[in-house]
Every structure is written in C-alpha cells, then in structure tokens.
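Atom set for the values below is all heavy atoms of this structure, side chains included, hydrogens, waters and symmetry mates excluded. The sequence lines fix the lettering, A, B, ..., with proteins before strands; numbering per chain opens at 1.
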Number of protein chains: 2
Amino acid sequence: MQVQEGRDKFIQAWGTLGSSWGINRTMAQIHALLLISHVAMSTEEIMESLGISRGNVNMNVRSLMDWGIVHKELRPGDRKEYFYAEKDIYITAMKIMRQRRKRELEPLIDIMTQLKQVKPDETKEGLALTKAVHDIDHFAQQADTLLNAMEKMSSNWFTQQFLTLLKKIKPI
Amino acid sequence: MQVQEGRDKFIQAWGTLGSSWGINRTMAQIHALLLISHVAMSTEEIMESLGISRGNVNMNVRSLMDWGIVHKELRPGDRKEYFYAEKDIYITAMKIMRQRRKRELEPLIDIMTQLKQVKPDETKEGLALTKAVHDIDHFAQQADTLLNAMEKMSSNWFTQQFLTLLKKIKPI
DNA sequence: CTACACTTTCAATAACTTCTGAATGGTTTT
DNA sequence: AAAACCATTCAGAAGTTATTGAAAGTGTAG
C-alpha cells in the first residue's frame with residue numbers, strides 16, 4: 001500500500017470508528033487528518049482536504065479543542081488560525097476517556113443520588129427498586145474512582161508501570 | 001419520593017443515559033423496566049408499560065438477550081415468552097463492556113493491522129502516518145489485553161464466590 | 001386441516017443528528 | 001471609512017437511526 005492510499009484509508013477508518021466511539025464522523029475525520037499531518041493546518045486547508053463546509057470545520061475543531069486533543073497555533077503576521085493534534089496517543093486516549101466519564105458516568109451518579117431519596121417501602125416493587133439503585137450507585141462510584149485515578153496518572157506511568165501491572169495480572 | 005414516581009424516573013433516566021452508553025433509548029428503557037421488576041414480563045406487558053409497539057419490543061429484547069443481560073423464561077402450559085434482567089450489576093456491566101470492546105476496539109485493531117501494510121517511505125507525511133498507525137495499534141492492543149484481563153478476573157471472581165457458596169451448602 | 005396464539009420481519013415513516021451556506025461580527029489593512 | 005479577511009452562528013436541508021404497524025412465519029391444539 002502506498003502512503004497516499006494509506007492516509008485516505010486512515011482518515012476514512014478513523015471517521016467510521018469515531019461513530020462507535022461517540023465522536024461524530026466529521027470530528028473524527030478532522031482529528032485523523034491532523035494526527036497524520038506534520039504541520040498545523042488552517043480552516044481552509046481542512047475544508048479543502050475533507051470537502052466539507054466552513055461552519056462544519058469550525059464547530060468540530062472547536063469541539064476537538066474543548067476535548068483537549070487539538071490545539072491552536074497562531075503565526076505572527078498571519079490572521080488565520082492553524083490547528084494541530086496532540087500526537088501522544090495515550091494522552092489523547094486519556095482525554096477521550098475523560099469526556100466519556102463526564103458524559104456517561106456523571107449523569108448516572110447524579111440520578112442515582114436523586115433516586116436514593118425514594119422512600120423505601122416493603123412492597124416487592126419498592127425493594128427491587130431500592131436494591132437496583134443502591135447497586136448501580138455503588139458500581140458507578142467505583143468506576144468513577146477508578147477512572148479518576150487513571151486520569152491523574154501520567155502517560156509515563158502508562159507506558160511503564162501499567163505494562164508491568166498487566167503482566168502481573170494476566171496469568172490468572 | 002414515592003416508589004411509583006421513583007420507578008418512572010428510573011426508567012426515564014436509564015433510557016436517557018443509554019444513549020450516551022451506546023445503547024438505544026428503548027433498549028435501555030426495557031432493560032430498566034426488567035431490572036426493577038421482581039417478576040419476568042411478557043412482550044404484552046412491556047408494550048403496555050412503555051407504550052411502544054410489538055415490533056420494537058421484540059427487536060430490543062432480542063438485542064438485550066444477545067448481550068446476555070436479559071433472559072427468557074418459559075412457563076409450562078403458556079406459549080408466551082417472559083423476560084427478566086440479570087440482576088447482578090457487575091455481571092451486567094461486564095457484559096456491556098464486552099459488547100463495547102467488540103464494537104469499538106476490535107474494528108480499530110483490524111484496521112490498524114491493515115494499515116501496517118503501508119510501505120513506509122521517507123517523506124514527512126509517510127513517517128507521520130507510520131508513527132500514528134504504530135502508536136494507535138500499540139495502544140489498542142494494550143487496551144484489549146486490559147479489558148480481556150478484567151473480564152477473566154471477574155468471571156474468576158464470580159466462580160470463586162459460587163464455589164464458596166457451594167461448599168457451604170454441601171461440604172465436599 | 002384450520003384456527004389460533006404468538007413471534008419475527010420489513011417497508012414506510014417519524015424522530016433525531018449533522019451539515020451547509022449565507023448572514024453576522026469582530027479585527028486589521030489600505 | 002471602506003475594504004478585506006477571517007471566525008462564528010444558525011435556520012433550514014440532508015442524512016441517519018429508531019419506530020411502527022401490518023404482513024409473514026411458526027408451532028400447537030382441536
């Protein structure tokens with residue numbers, strides 16, 4: 001496979017996968033494009049490369065920056081903004097995880113907190129509800145703690161300690 | 001808050017959260033309904049409770065069974081099928097994780113494997129692509145190993161609990 | 001064999017999400 | 001002060017995904 005073909009395939013694939021990762025297709029394609037570009041790109045260049053509108057680029061680039069996986073670069077004497085992707089894949093993965101925790105886990109915890117207010121009664125229905133709420137809340141708290149801990153650790157920890165840990169737990 | 005209000009809120013909330021968990025709203029609502037029901041429910045009852053069509057219940061119940069978080073119960077002398085949810089939240093979470101690994105990680109690994117075939121050249125573009133593919137592939141492999149390990153550990157944990165219980169009932 | 005009680009499938013459509021392109025707004029150059 | 005340049009917003013268009021309801025399929029009992 002040649003490089004140009006590979007690049008196209010990469011962008012295409014990252015875009016498709018994006019959907020199943022909860023990132024929309026265009027956002028993922030822009031991210032892919034920037035990931036494999038060795039220079040920062042302007043809005044125009046992104047529009048051109050992917051054949052999408054200015055508004056679309058603008059919105060999605062902004063989301064990518066919110067997530068902290070794409071950054072802006074300003075060049076002296078140039079009013080355009082240039083964008084480049086975080087190149088460390090572990091940091092990138094961490095930031096994506098962080099967003100997902102926000103979107104998936106936090107609302108869950110909030111709602112369970114509310115539902116713990118349900119006045120327990122002794123009907124079977126009441127007990128089933130109370131148990132479900134309790135279990136889910138407990139689980140969500142644990143997952144949250146775990147993800148928080150992982151986030152605090154550096155990509156350094158990841159590359160070194162994490163592998164060691166994996167080797168230890170693997171042969172169960 | 002009263003029990004009935006709590007139940008409605010629970011179903012509503014689980015449905016909303018489902019979307020951000022990659023489960024569709026109805027599928028999640030059916031799951032919620034079964035989670036807090038102390039008895040197995042028929043298609044009719046689910047339709048009625050959630051106000052949705054027969055086809056919709058059928059499709060989503062089938063998906064839930066594919067995921068292994070809802071099961072079917074047959075009653076002698078009754079041709080209807082009754083459905084109930086896995087009540088252990090850890091097992092449920094594990095099964096959901098497993099589906100997500102399938103949908104999110106496996107395609108990623110497949111595509112990176114393909115892209116590793118790109119003939120590396122010495123242009124900056126070529127090198128950036130090669131590096132990105134390498135890094136992502138490495139990361140995906142690690143994540144896959146980790147999730148597999150977790151899955152194994154939990155079933156292990158589960159088996160152990162089960163064995164302990166067995167010993168208590170009938171000492172070998 | 002026929003009626004019945006259910007489950008499954010599927011084409012049409014409804015609901016939701018993403019994208020466009022034109023309008024708006026702010027800043028710098030002429 | 002006007003023109004040029006670029007970012008941002010947003011209402012409607014396009015595209016995608018979920019839902020319905022009716023038809024087809026399956027198995028059982030009379």
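- Rounded to an integer number of Å, the gap from Met65(A) CE to dA7(D) P is 10 Å.
- In Glu48(B), the CD atom is not crowded: 12 or fewer heavy atoms of neighbouring residues, nucleotides or ligands sit closer than 6.0 Å.
- As rounded to whole Å, 19 Å separates atom P of dC5(D) from atom CG of Leu74(A).
- Note: CD (Glu81(B)) to C1' (dT26(D)) measures 11 Å, nearest angstrom.
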Report task. Begin with the C-alpha distance, continue with both residues' side-chain angles, and end with the deciding distance and a verdict on salt bridge (charged side-chain N to carboxylate O under 4.0 Å, His left out) for Glu44(A) and Arg54(A). Result -> CA-CA 8 Å; Glu44(A) 301 279 344; Arg54(A) 178 176 300 281; 2.7 Å; yes
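- When the shell of 6.0 Å around CZ of Arg103(A) is examined, it contains more than 12 heavy atoms from other residues, nucleotides or ligands.
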Query raised in the report: Which letter, B, S or -, goes with each nucleotide of nucleotides 17-29 of chain C from 5' to 3', with contact meaning a protein heavy atom under 4.0 Å?
Result: -SSBB----BBB-
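- One atom, CG of Asn58(B), and another, C1' of dT7(C), lie 6 Å apart when rounded to the nearest Å.
- Here the straight-line distance linking atom CD of Gln29(B) with atom CG of Leu35(B) works out to 13.0 Å at 0.5 Å rounding.
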Requested in this report: Start with the C-alpha distance between Arg75(A) and Glu73(A), add both sets of side-chain angles, then the distance that settles salt bridge (charged side-chain N to carboxylate O under 4.0 Å, His left out), and finish with yes or no.
Outcome: CA-CA 7 Å; Arg75(A) 298 184 186 164; Glu73(A) 176 184 298; 3.2 Å; yes
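- Within a 6.0 Å sphere centred on CZ of Arg101(B), other residues, nucleotides and ligands contribute more than 12 heavy atoms.
- Annotation: the span from Thr43(A) atom OG1 to Met47(A) atom CE amounts to 8.0 Å, rounded to 0.5 Å.
- Here the C1' atom of nucleotide dT7(C) and the OH atom of Tyr82(B) are 14 Å apart, to the nearest Å.
- Across residues 30-50 of chain A, not one residue has a non-hydrogen atom less than 4.0 Å from an atom of DNA chain C.
- No side-chain N or O of Gln114(A) forms a donor-acceptor pair with one of Asp110(A) less than 3.5 Å apart.
- With the nearest nucleotide of DNA chain D identified for both Asp78(A) and Ser19(A), Asp78(A) has the one nearer the 5' end.
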